[in-house]
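Working notes, structure below.
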Amino acid sequence: MAAHCSCIAGNITVILGAHNVHEPEETQQRLRVRRIIPHPEFTRDPFTNDLLLLQLEKKVEVTEEVKPLNLPSAHSTPKAEEKCLVAG
């Protein structure tokens, strides 16, 4: 989540494992956010470090549809035509 959105962070629910957030699916997990943690070096003008960590009220259930991504090392560069994973 972007840090500039923290003003609306009072009542956030995170939906995981959803293909369509408007339709109930068995794979969905809905978790309330306990606390938001902005990047300590966030600035509004100009926007830099514009992100938040979200602490959830309970643990995420790891399933086939909801699982951690293996992130590349900080010094790796994807090759042309290489498949990449995106989450968001």
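The basis for the numbers below is simple: all heavy atoms, side chains too, and nothing from hydrogens, waters or symmetry mates.
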Only pairs at least two apart or in different chains count here, so list each salt bridge (Lys or Arg N to Asp or Glu O under 4.0 Å) that has a residue in residues 68-84.
-> none

Quick one: side chains of residues 66-77, donor-acceptor pairs under 3.5 Å with protein atoms, not counting sequence neighbours, listed by atom name and distance.
from  : atom 1 : to    : atom 2 : distance (Å)
Lys67 : NZ     : Glu64 : OE2    : 3.0
Ser76 : OG     : Ser73 : O      : 3.1

When Leu56, Ile15, Ile12 are each screened for side chain to side chain contact (heavy atoms under 4.5 Å, CB included) with Leu31, the one that passes is Leu56

So how far is it from Leu54 CG to Arg34 CZ, rounded to the nearest 0.5 Å?
-> 13.0 Å

What donor-acceptor contacts under 3.5 angstrom involve side-chain atoms of residues 16-30, with partners at least two apart or in another chain?
from  : atom 1 : to    : atom 2 : distance (Å)
Asn20 : OD1    : His22 : N      : 2.9
Glu25 : OE1    : His19 : N      : 2.8
Glu25 : OE1    : Asn20 : N      : 3.4
Glu25 : OE1    : Gln28 : NE2    : 3.2
Thr27 : OG1    : Gly17 : O      : 2.6
Gln28 : NE2    : Asn20 : O      : 3.2
Gln28 : NE2    : Glu23 : O      : 2.8
Gln29 : OE1    : Glu61 : N      : 2.9
Gln29 : NE2    : Glu61 : O      : 2.6

Note, Val33 side chain near Thr13 side chain (heavy atom, < 4.5 Å) | no

